[in-house]
**Q** 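Before anything else, here's the structure in question.
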Amino acid sequence: MKYHRISEIKNDEFLGKEIRVRGWVYRLRKQKDKSFIIIRDERGGIIQCVLPSARVPDLTIESSLEIQGILFKDERAKEGGYEIRGNDVKIYSIANNDFPIREYQSTELLLDYRHLTLRTRKMITIAKVRATILGVVRNWFIENDWMEVTAPTLVKSAVEGGSTLFPVKYFKDEAFLSQSAQLYLEALIFSLGPVWTIGPSFRAEKSRTLRHLAEYLHLEAEAPWISMTDLFSIQEKLLVYLVRNLTRERREELEFLNRDIQALNKITEPFDKLSYNQAINDLRSKDIKIQEGELLRKIEWGDDLNIDSEKILTKDRINPVFVYGYPLKVKPFYVKEDPEEQGIALTTDLLLPDGFGEVSSGGMREDNIDLLKSRIMSEGLDMNSYSWYLDLRRYGSVPHGGFGIGIERLVRWLANLEDIKECVLFPRTMARLEP
Ligand code: ATP
Ligand code: MG
């Protein structure tokens, strides 16, 4: 007889039928004659099983077992009013009687035991939302004829600046863990057209925030002959598609996570576009201060936008908002300068509403070899390690651009989670390399 997924059998069609489920003991109540075992299966389905106590050996939480019985409907049954009246139990393994994950544990303990915390309902729910996000974005790229590629994670040179590089010993040489696949995607557009990738990016982030991981999943896209207008609209379409599909496919999970689905579904394209100048003026008019070393001073033109500024700019918004036209000097060496405005970069940062902050950075790339060389030089980077990248401008350079989205930032917003460590199964931060 085949096994049933619990999610599948909590359905009147199965009433009175013989059912076989397997999983782990989630809750347990043993009375003199009857035992109530709430079982959690391999996809997080939960159902109550009732058996004569004489047939139930000494069980512990998280013991693995298999139960065969008949499905009944009973209002009193915990977890949705269905119960299996079991006639047979097979034990796979009796768990140690000290399962460390209980209610009201500290966040740190839950992180220390993440390999076991992943069995909790919250983590299973988040994992499902995350998996669906990955599936939906992949579908969007397939439907829109972008080609999926992969890029190496061991690299020779920095993309996003030296301060967050992770060095690794590479035979007799030194290499780094990739901060972004962008330079490789740029190489691929000449033969594959619009390309996208999803893979880990590594940033040695030294400050502890609720939005930064040392390893995160990075979705990146790059295309030839693209414009700023295209870059805005591609990201708008992708996000709206994601929200619509996710809220349809994962309604129950989002509700469990207390995500306001209605508010989420109000997002529509186009999103507002705010110039960096407008953003700074707005922040200055609200007298926003930023920290500079020990000093607190008023924000001014030329400053990067920190999370507090992002919160103010996105307050009371339904849609995400783009901030474009940053000063060149706060952006990496490869960004293209606006030919019509000296010192201004052709970039698009996308900020999520409700203070969730930056989810994507993108823009046009410098396609002129001389300008690119002078940027590499003025940033004090080693020209030799970018020689292959410069070839892309030597042989048939074209206007091009793209963007990168942090998947955990998306999960954080869509699943309404405070801490980015909850948005990934095994988080990596400065303080955490295990489990
Ligand atoms: P931030 O300003 O938020 O630190 P960034 O501008 O340094 O991010 P980018 O280099 O623009 O990051 O990376 C592209 C996207 O990758 C970001 O918009 C964000 O969604 C995500 N991202 C960047 N750094 C991290 C990180 N340390 N942990 C998780 N996601 C990140
Ligand atoms: Mg950025």
Side-chain angles (χ1 to χ4, degrees), residues 107-118 120 122-135 137-138 141 148-170 173-185 195-222 242 307 332 349-350 352 356-362 402-415 417-435:
T107 316
E108 278 308 299
L109 182 134
L110 293 177
L111 282 163
D112 290 342
Y113 284 103
R114 179 51 77 83
H115 51 294
L116 301 177
T117 308
L118 289 168
T120 60
K122 183 169 186 192
M123 285 312 301
I124 294 170
T125 308
I126 294 170
K128 287 179 179 175
V129 170
R130 183 179 157 104
T132 301
I133 291 174
L134 294 176
V137 296
R138 171 163 281 114
F141 281 106
E148 184 168 1
V149 295
T150 55
T153 40
L154 284 168
V155 298
K156 186 75 196 154
S157 41
V159 188
E160 299 298 326
S163 67
T164 61
L165 276 176
F166 274 114
V168 286
K169 201 163 166 287
Y170 191 70
D173 206 350
E174 186 185 51
F176 301 104
L177 296 178
S178 170
Q179 298 167 304
S180 158
Q182 184 197 311
L183 308 191
Y184 295 94
L185 298 194
V195 289
W196 75 286
T197 190
I198 194 154
S201 277
F202 301 87
R203 308 273 173 107
E205 306 278 3
K206 283 165 200 105
S207 57
R208 288 185 200 184
T209 80
L210 298 171
R211 295 169 304 122
H212 291 90
L213 293 163
E215 174 176 353
Y216 70 97
L217 199 58
H218 205 172
L219 181 158
E220 293 175 272
E222 194 76 22
L242 173 59
I307 185 63
D349 273 21
L350 185 59
L352 295 170
F356 281 95
E358 181 183 322
V359 69
S360 119
S361 266
F403 59 90
I405 294 181
I407 290 293
E408 290 78 11
R409 299 265 178 108
L410 273 183
V411 176
R412 190 168 169 261
W413 172 54
L414 294 166
L417 299 164
E418 170 81 8
D419 187 346
I420 198 163
K421 293 195 287 301
E422 292 193 306
C423 307
V424 55
L425 304 181
F426 295 101
R428 293 289 175 260
T429 64
M430 195 166 139
R432 192 166 291 282
L433 192 55
E434 262 190 330

**Q** Show the nearest heavy-atom pair for residues Asp349 and Gly362, with the distance to one decimal.
**A**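 Shortest heavy-atom separation between Asp349 and Gly362 comes out as OD1-N, 4.3 Å.
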
**Q** Ignoring hydrogens, what is the shortest heavy-atom contact between Leu110 and Thr117? Give both atom names and the distance.
**A**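 Looks like O-OG1, 2.7 Å.
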
**Q** Hey, are the side chains of Val155 and Tyr184 touching, using non-hydrogen atoms and a 4.5 Å cut-off?
**A**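 Heavy-atom side-chain distance check passes, below 4.5 Å.
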
**Q** Would you please name every residue forming a side-chain hydrogen bond (donor to acceptor under 3.5 Å, both in side chains) with Arg138, sequence neighbours left out?
**A**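 Checked Arg138 against side-chain hydrogen bond (donor to acceptor under 3.5 Å, both in side chains); matches are Glu148.
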
**Q** Could you list the residues that satisfy side-chain hydrogen bond (donor to acceptor under 3.5 Å, both in side chains) with Arg409, not counting sequence neighbours?
**A**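 Arg409: side-chain hydrogen bond (donor to acceptor under 3.5 Å, both in side chains) contacts with His212.
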
**Q** Can you name the residues that form a side-chain hydrogen bond (donor to acceptor under 3.5 Å, both in side chains) with Arg211, not counting sequence neighbours?
**A**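 side-chain hydrogen bond (donor to acceptor under 3.5 Å, both in side chains) list for Arg211, sorted by chain: empty.
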
**Q** Using modelled atom types and a 3.5 Å cut-off, is there a donor and acceptor pairing between side-chain atoms of Lys122 and backbone atoms of Glu422?
**A**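 Such a contact is absent between Lys122 side chain and Glu422 backbone.
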
**Q** Determine the minimum heavy-atom distance between Ala151 and Thr197, stating which atoms define it.
**A**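 Heavy atoms of Ala151 and Thr197 come nearest at N-OG1, 4.3 Å.
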
**Q** Any donor and acceptor pair, going by atom type alone, linking the side chain of Ser201 with main-chain N or O of Tyr216 inside 3.5 Å?
**A**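 No, the answer is negative, given that no donor and acceptor are paired below the 3.5 Å cut-off.
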
**Q** Within this structure, what is the CD1-SG distance for the pair Ile407 and Cys423, rounded to the nearest 0.5 Å?
**A**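 Ile407 atom CD1 to Cys423 atom SG measures 11.0 Å (nearest 0.5 Å).
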
**Q** Taking the side chain as C-beta and beyond, is there a heavy-atom pair between Val424 and Arg130 under 4.5 Å?
**A**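 The answer is yes, as the side chains (C-beta and beyond) meet within the 4.5 Å cut-off.
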
**Q** Take Phe403 and Leu350, measure what side chain to side chain contact (heavy atoms under 4.5 Å, CB included) needs, and give me the verdict at the end.
**A** CA-CA 10 Å; Phe403 59 90; Leu350 185 59; over 6 Å; no

**Q** Between Arg428 and Leu213, is there a donor-acceptor pair closer than 3.5 Å when you use the side chain of the first and the backbone of the second?
**A**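 No.
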
**Q** Working to the nearest 0.5 angstrom, can you tell me the gap between Asp419 CG and Leu111 CG?
**A**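 Going from the CG atom of Asp419 to the CG atom of Leu111 covers 7.0 Å.
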
**Q** Which atom names give the shortest non-hydrogen contact between Leu134 and Ile198, and what distance separates them?
**A**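 That closest heavy-atom pairing would be CD2-CD1, 3.6 Å.
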
**Q** To the nearest 0.5 Å, what is the distance between CG (Leu118) and OG1 (Thr120)?
**A**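 Going from the CG atom of Leu118 to the OG1 atom of Thr120 covers 7.0 Å.
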
**Q** Keeping Glu222 on the side-chain end and Leu185 on the backbone end, is there a donor-acceptor pair under 3.5 Å?
**A**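 No, Glu222 side chain to Leu185 backbone: no donor-acceptor pair under 3.5 Å.
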
**Q** Should Arg412 and Val359 count as side-chain neighbours, where that means a heavy-atom distance under 4.5 Å?
**A**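 Sidechains of Val359 and Arg412: no contact.
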
**Q** For Glu434, look at atom CD and say whether over 12 heavy atoms of other residues, nucleotides or ligands are found less than 6.0 Å away.
**A**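 Open.
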
**Q** Does Lys169 NZ have over 12 foreign heavy atoms under 6.0 Å away?
**A**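 Atom NZ in Lys169 is not packed in, count stays at 12 or less.
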
**Q** Looking at every non-hydrogen atom in both residues, tell me the closest pair between Phe176 and Pro167 and how far apart they are.
**A**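 Heavy atoms only, the tightest pair is CD2-CA, 3.6 Å.
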
**Q** From Glu205 CD over to Thr429 OG1, what is the distance, rounded to the nearest 0.5 angstrom?
**A**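 OG1 of Thr429 is found 11.0 Å from CD of Glu205.
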
**Q** Contact between Leu177 and Glu215 at the side-chain level, heavy atoms closer than 4.5 Å - yes or no?
**A**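 No - every pair of side-chain heavy atoms lies 4.5 Å or more apart.
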
**Q** With a 4.0 Å cut-off on N to O distance, would you call Glu108 and Arg432 a salt bridge?
**A**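 Salt bridge: yes.
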
**Q** Drop me the distance from Lys156's NZ to Ser178's OG, to the nearest 0.5 angstrom.
**A**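 Separation between the atoms: 14.5 Å.
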
**Q** Does the plane of the ring in Phe166 sit parallel, tilted or perpendicular to the ring in Phe202? Use 30° and 60° as the thresholds.
**A**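 Taking Phe202 first and then Phe166, their aromatic rings stand perpendicular (interplane angle over 60°).
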
**Q** Shortest non-hydrogen contact from Gln179 to Thr164?
**A**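 So the two residues come closest at NE2-OG1, 2.9 Å.
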
**Q** Could you tell me if the side chain of Leu414 sits less than 4.5 Å from the side chain of Leu242, heavy atoms only?
**A**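 Side-chain contact under 4.5 Å: yes.
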
**Q** If I take atom OG from residue Ser180 and atom CD from residue Glu220, how far apart are they, to the nearest 0.5 angstrom?
**A**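 With rounding to 0.5 Å, OG (Ser180) is 3.5 Å from CD (Glu220).
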
**Q** Please tell me if the side chains of Glu408 and Leu417 come closer than 4.5 Å, counting only heavy atoms from C-beta onward.
**A**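 No. Closest side-chain heavy atoms not under 4.5 Å.
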
**Q** Check this for me: Phe426, atom CZ, are more than 12 non-hydrogen atoms of other residues, nucleotides or ligands nearer than 6.0 Å?
**A**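 Atom CZ in Phe426 is packed in, count exceeds 12.
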
**Q** His218 vs Arg203, test: side chain to side chain contact (heavy atoms under 4.5 Å, CB included). Steps then yes/no.
**A** CA-CA 11 Å; His218 205 172; Arg203 308 273 173 107; 3.9 Å; yes

